[in-house]
Structures are given as C-alpha cells and as structure tokens.
Amino acid sequence: MKPLDDAFFHRDCLEVAPALVGKLLVRQLPDGSLRRVRITETEAYRGEEDRACHASKGRTKRTELLYGESGIIYIYLCYGMHWLMNVITGEPDQPQGVLFRAAADYTGPGKLTKYLQLDGACNGKPLQPETGIWVEDDGFVPELITKPRVGIDYAGPEWATKPWRFVLKP
C-alpha cells in the first residue's frame, strides 16, 4: 500500500470525492499505533458558487485554506462539538474540497474524527504520513452510488439536491 501523492488531490473535487471512496484513511496516534479505516462516504464542495461550500461567503480567515494548495487538511468545529475533516482539492484560488463523511463503522464525519483523534490542530497540515494522517490505496475498486449531500437545506434546493455525495455501494 502506498500513500496518495499530492497529484491525486490536484484535481476537481468532483473527481477526487468519488476516487477517495474505498481508499484507506490512516492515522498514526501519538503512541505510534496506526488506525486504518476504509472510506465509505465523501461529499464534494465546489467553489464560491456552491452555496453549501464555506467559500460561498468569499475569502475569510476561516476559508483561506480553501483557496490554497490541494492535499491540505481543512478541519473545523461544527455546532461547537464535532470536528469535521475535509481535504482541499483543485487549483489554488479556486476553493473546493472533499468532506470525509464516513469510514467503516464510523457513520458520520464527527464520529470518524473522534475515532481518529483529529481536531483543529490538524488544520492546514498536508494529508501525508509525516503529519500522522494520510490516505492509502490498497487497490480496492468499489462500486459507488450517488446521493444528495446531507444537512445543507440552507443552501437552497438547487444546491441541496446535487448528487455530490459518493457512497460505497452496500
């Protein structure tokens, strides 16, 4: 198994999000042990025009990472209690990313980050082994289904119904 390189993430989020499903998300814990989980669900967020994307409000201190290099972790606190992890994709100055929505038995993005012991300290780090969090390809090729993204009704029907959630077919 090999970690995904930066070129993998240097594509449009609508290419990266489905390509991440089936890959292994790996976390090296402070004691040196590894946790590996198969990614079973992702969501794509694409640019300032996407009303569900944090960048829809423009460039701010919070969203600055979305405008930067691909392959960087964008993690934020949701509702003051759950850390949600994304990876930046695409070209600089074209804000987009992919949310890691679920993996193996961790059926929500907050449950996933809790299991992997991830928090705001990971924000802005490369998704690479030297930072203790990365994605590996073990050759598994999944079947996918697409669905609308979750919890974004505030973005309006056009954006809430886009099939930009990619799920491992059961």
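The structure presented is a predicted model; accordingly, all values stated were derived computationally and were not measured.
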Subject >> Evaluation steps, side-chain hydrogen bond (donor to acceptor under 3.5 Å, both in side chains), between Tyr74 and Glu64 >> reply: CA-CA 10 Å; Tyr74 172 58; Glu64 188 61 33; over 6 Å; no
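- Nearest heavy atom pair, residue Ala160 against residue Pro148, reads O-CB, 3.4 Å.
- Atom CG in Asn86 sits 10.5 Å away from atom CG in Leu65 (nearest 0.5 Å).
- Here the CZ-NZ distance, from Arg101 to Lys147, works out to 11.0 Å after rounding to the nearest 0.5 Å.
- Put simply, CG on Leu84 and SG on Cys78 are 4.5 Å apart, with the number rounded to the nearest 0.5 Å.
- Pairing each heavy atom of Val21 with each of Val167, the nearest pair is CG1-C, 4.3 Å.
- Across all non-hydrogen atoms, the minimal contact from Arg46 to Cys13 is CB-SG, 3.5 Å.
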**OP:** Walk me through it: do Phe100 and Leu25 pass the test side chain to side chain contact (heavy atoms under 4.5 Å, CB included)?
**Re:** CA-CA 9 Å; Phe100 293 90; Leu25 185 56; 4.2 Å; yes
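- The nearest pair of heavy atoms linking Trp134 to Pro129 is CE3-CA, 3.3 Å.
- Residues Pro142 and Leu168 approach most closely at CB-CD1, 3.1 Å, considering heavy atoms.
- Of the possible polar contacts, none joining the Thr131 side chain to the Leu127 backbone as a donor-acceptor pair under 3.5 Å is found.
- In this structure a side-chain-to-backbone donor-acceptor pair under 3.5 Å is missing from Gln128 to Ile72.
- By the 4.0 Å N-to-carboxylate-O rule, Arg38 lies close enough to Asp138 to be salt-bridged with it.
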Subject >> side chain to side chain contact (heavy atoms under 4.5 Å, CB included) assessment of Asp137 paired with Leu4 >> reply: CA-CA 7 Å; Asp137 185 353; Leu4 300 180; 3.9 Å; yes
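- Other residues, nucleotides and ligands place no more than 12 heavy atoms under 6.0 Å from the CD atom of Glu143.
- Stacking of Arg51 on the aromatic ring of Tyr154 is not recorded, the 6.0 Å distance cut-off and the 45° axial limit not both being met.
- Using modelled atom types and a 3.5 Å distance limit, the side chains of Tyr106 and Glu41 yield no donor-acceptor pair.
- The pair Lys2-Glu136 does not meet the salt-bridge criterion, since no charged nitrogen lies less than 4.0 angstrom from a carboxylate oxygen.
- How far CZ of Arg27 is from CD1 of Ile133: 6.0 Å, rounded to the nearest 0.5 Å.
- Looking at heavy atoms from C-beta onward, Trp159 lies in side-chain contact with Asp50 at the 4.5 angstrom threshold.
- For Arg11 and Phe8, the positive end sits near the middle of the six-membered ring, less than 6.0 Å away and at most 45° from its axis.
- In this structure, the side chain of Thr113 does not engage the main chain of Leu118 through any donor-acceptor pair within 3.5 Å.
- Counted by atom type alone, Glu91 and His10 present one or more donor-acceptor pairs between their side chains at under 3.5 Å.
- How far CE of Met85 is from CG of Leu112: 6.5 Å, rounded to the nearest 0.5 Å.
- There is a side-chain donor-acceptor pair under 3.5 Å between Gln96 and Thr89.
- Note that the CG atom of Leu20 and the CD atom of Glu43 stand 13.0 Å from one another [nearest 0.5 Å].
- Cation-pi geometry between Arg149 and Tyr45 is satisfied (NZ or CZ under 6.0 Å from the ring centre, within 45° of the ring normal).
- The existence of a salt bridge linking Arg59 and Asp93 is confirmed by a sub-4.0 Å separation between a basic side-chain nitrogen and an acidic carboxylate oxygen.
- Side-chain N/O atoms of Thr63 and His54 include no donor and acceptor closer than 3.5 Å.
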Original post:
Could you go step by step and tell me if Val150 and Arg165 meet the side chain to side chain contact (heavy atoms under 4.5 Å, CB included) rule?
Top reply: CA-CA 8 Å; Val150 176; Arg165 180 163 51 124; 3.5 Å; yes
Subject >> Derivation of the side chain to side chain contact (heavy atoms under 4.5 Å, CB included) call for Ile73 and Val87 >> reply: CA-CA 5 Å; Ile73 296 168; Val87 61; 5.7 Å; no
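- Counting only distance, with no hydrogens or angles, the side chain of Arg35 and the backbone of Tyr115 share a donor-acceptor pair below 3.5 Å.
- When all heavy atoms of Pro109 and Leu99 are compared, the pair lying nearest together is CB-CD1, 4.3 Å.
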